[in-house]
Amino acid sequence: MELSKILVSFFVIQFLLFHSPIYAAAPGNSNIFREYIGAEFNNVKFSDVPIYSGVEFHFILSFAIDYTMSSSSPSPTNGQFNVFWDSDNLNPSAVSAIKNQHSNVKVALSLGGDSVGGSSAYFNPSSVDSWVSNAVSSLTNIIKQYNLDGIDIDYEHFQADPNTFAECIGKLITTLKNNGVISFASIAPYDDDEVQNHYKTLWKSYSQVIDYVNFQFYAYDKGTTVSQFMDYFSTQRSNYEGGRILASFGTDGSGGLSPENGFFTACSKLKSKGDLVGIFVWSADDSKSNGFKYEKQSQGLLAISH
């Protein structure tokens, strides 16, 4: 009798597993706080930035770029990455120190960025295979030297079509994860047709290896309102369906919805709907002058249990 009950239960479970519709789980609220650091060489240190214990904190070193280090005219290196952040202050020993001091801190590096040596930094591979091979090798060396945890993709200018970009970046992330070199990866698109074409093509083929979408909401017009921000957020959730999309603001006075104009009001609205995955900031370099006021406010909001 007991055996027949077990067999019936087994077949019921099998039926449910194979015949029930599977729905993608909504990302939901979480407590991830991320901040770019080191791009502007103003001597900001990890230890300058307030770190709350109630958040998962990611520093993102900006930037590693596959260009030569020539001060006069840097040129593309087909995936041979070099360190272009403030490595005097943000060096391997500084990474180890901040991670040892705060168990909730992880450190990543971002690839590309807007410019190098005063000119646009282009994604410019010779071929998919050669670029991926060089990128895996050079980034593995940097990541191990600095004891880093993840990578962020922030190319903003392209001399390659969207499919080439998707294959290069998708294979890079996949290989680094399979090799145990990184534990997470993010992308940092913004609302520009060429940029979106490249990143949405990447997302379509490789969303399964991308953990976070650092959407640059501060690239929208200055003076963005709360209702506009909510619309923009909804649009990007559709563009990167199923992705963990973070809310963002800039402390460089660039654009988007600023903290002064209601950014935290918008975040509270997202949180009440279960849509606030986290917050990221561009950048610690710019926030140093105001004492990291909004970093504190962001982490305070995220640390409150929903």
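All values below were derived from every heavy atom in this structure, side-chain atoms included, with hydrogens, water molecules and symmetry-related copies excluded.
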Taking the side chain from [X] and the backbone from [Y], do they hold a donor-acceptor pair closer than 3.5 Å?
X: Asp285; Y: Glu40; answer: yes
X: Thr251; Y: Ser283; answer: yes
X: Asp252; Y: Ser254; answer: yes
X: Lys99; Y: Asn147; answer: yes
X: Trp85; Y: Leu90; answer: yes
X: Asp149; Y: Val107; answer: yes
X: Thr68; Y: Ser75; answer: yes

Looking at every non-hydrogen atom in both residues, tell me the closest pair between [X] and [Y] and how far apart they are.
X: Asn261; Y: Leu257; answer: O-CD1, 3.5 Å
X: Pro189; Y: Val195; answer: CA-CG1, 4.1 Å
X: Asn31; Y: Leu302; answer: CB-O, 3.6 Å
X: Asp48; Y: Phe292; answer: O-CE1, 3.4 Å
X: Ile153; Y: Tyr199; answer: O-OH, 3.4 Å
X: Met230; Y: Ala266; answer: SD-O, 3.8 Å

In one Ile/Leu/Val/Met/Phe/Trp/Tyr side-chain cluster, 4.5 Å: [X], [Y]:
X: Tyr67; Y: Trp131; answer: no
X: Val83; Y: Ile151; answer: yes
X: Tyr212; Y: Leu176; answer: no
X: Phe184; Y: Val209; answer: no
X: Ile37; Y: Ile65; answer: no

Check whether any side-chain heavy atom of [X] lies under 4.5 Å from a side-chain heavy atom of [Y], and answer yes or no.
X: Leu172; Y: Leu139; result: yes
X: Ser298; Y: Phe249; result: yes
X: Glu260; Y: Tyr294; result: yes
X: Ile304; Y: Lys271; result: yes
X: Trp203; Y: Ile187; result: yes
X: Ile279; Y: Cys267; result: yes
X: Gln101; Y: Ile98; result: yes

Next on the checklist: Among residues at least two apart in sequence or on other chains, which ones pass ring-ring contact (aromatic ring centres under 6.0 Å, His included) with Phe229?
Outcome noted: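 Once residues adjacent in sequence are excluded, the partners of Phe229 under the ring-ring contact (aromatic ring centres under 6.0 Å, His included) criterion are Phe217, Phe263.
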Which atom pairs, donor and acceptor, lie under 3.5 Å between side-chain atoms of residues 110-126 and protein residues at least two apart or in another chain?
residue : atom : partner : partner atom : Å
Ser110  : OG   : Asp152  : OD2          : 2.7
Asp114  : OD1  : His157  : NE2          : 2.8
Asn124  : ND2  : Gln159  : OE1          : 3.3

Can you tell me how far the [atom1] atom of [X] sits from the [atom2] atom of [Y], to the nearest 0.5 Å?
X: Ile173; Y: Cys168; atom1: CD1; atom2: SG; answer: 11.5 Å
X: Asn82; Y: Ser138; atom1: CG; atom2: OG; answer: 8.0 Å
X: Ser127; Y: Asn78; atom1: OG; atom2: CG; answer: 6.0 Å
X: Phe280; Y: Gln216; atom1: CZ; atom2: CD; answer: 6.0 Å
X: Asp86; Y: Ser62; atom1: CG; atom2: OG; answer: 11.0 Å
X: Leu276; Y: Leu270; atom1: CG; atom2: CG; answer: 6.0 Å

Pair up each side-chain donor or acceptor in residues 50-60 with any protein partner under 3.5 Å, not counting sequence neighbours, and list the distances.
residue : atom : partner : partner atom : Å
Glu56   : OE2  : His58   : NE2          : 2.7
His58   : ND1  : Arg34   : NE           : 2.9
His58   : ND1  : Arg34   : NH2          : 3.3

Does a donor on one side chain sit under 3.5 Å from an acceptor on the other, for [X] and [Y]?
X: Ser70; Y: Ser72; answer: yes
X: Glu295; Y: Ser287; answer: yes
X: Glu35; Y: Gln299; answer: no
X: Asp231; Y: Ser234; answer: no
X: Ser96; Y: Ser93; answer: no
X: Glu194; Y: Asn197; answer: no
X: Tyr155; Y: Asp66; answer: yes

Checklist entry - Stepwise, does the salt bridge (charged side-chain N to carboxylate O under 4.0 Å, His left out) test hold for Asp211 with Lys177? => result CA-CA 11 Å; Asp211 301 280; Lys177 282 193 167 186; 2.7 Å; yes
Checklist entry - Going through the distances and angles, do Tyr206 and Glu167 end up as a side-chain hydrogen bond (donor to acceptor under 3.5 Å, both in side chains)? => result CA-CA 9 Å; Tyr206 288 97; Glu167 287 307 302; 3.0 Å; yes
Item to check | Partners meeting side chain to side chain contact (heavy atoms under 4.5 Å, CB included) with Gln228 (sequence neighbours left out) | outcome: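 Side chain to side chain contact (heavy atoms under 4.5 Å, CB included) check on Gln228 returns Thr224, Thr225, Tyr232.
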Item to check | Distance flag, aromatic centroids of Phe158 and Phe165, threshold under 6.0 Å | outcome: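 Ring-ring flag for Phe165/Phe158: true, centres closer than 6.0 Å.
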Item to check | Listed partners of Lys288 passing salt bridge (charged side-chain N to carboxylate O under 4.0 Å, His left out), at least two apart | outcome: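 Salt bridge (charged side-chain N to carboxylate O under 4.0 Å, His left out) list for Lys288, sorted by chain: empty.
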Next on the checklist: Check this for me, if you would: do Asp275 and Lys269 make a salt bridge, where the nitrogen-to-carboxylate-oxygen distance has to be below 4.0 angstrom?
Outcome noted: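 Judged by the 4.0 Å cut-off on N to carboxylate O distance, Asp275 and Lys269 do not form a salt bridge.
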Item to check | salt bridge (Lys or Arg N to Asp or Glu O under 4.0 Å) contacts in which one or both residues fall within residues 122-140, not counting sequence neighbours | outcome: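 Pairs touching residues 122-140 that pass the test: none.
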Checklist entry - What orientation do Phe63 and Trp282 show, parallel under 30°, tilted 30 to 60°, or perpendicular over 60°? => result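 It falls in the parallel class, under 30°.
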Item to check | Evaluation steps, side-chain hydrogen bond (donor to acceptor under 3.5 Å, both in side chains), between Asn134 and Thr77 | outcome: CA-CA 9 Å; Asn134 289 338; Thr77 58; over 6 Å; no
Item to check | side-chain hydrogen bond (donor to acceptor under 3.5 Å, both in side chains) between Asn214 and Tyr36, worked out | outcome: CA-CA 11 Å; Asn214 276 18; Tyr36 290 89; 3.1 Å; yes
Next on the checklist: So for atom CG, which belongs to Asn290, do other residues, nucleotides or ligands contribute more than 12 heavy atoms lying within a distance under 6.0 Å?
Outcome noted: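 Yes, CG of Asn290 has more than 12 neighbouring heavy atoms, counting only those of other groups under 6.0 Å.
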Checklist entry - What do the steps show when you test Thr175 against Asn178 for side-chain hydrogen bond (donor to acceptor under 3.5 Å, both in side chains), and what is the final call? => result CA-CA 5 Å; Thr175 304; Asn178 287 346; 5.9 Å; no
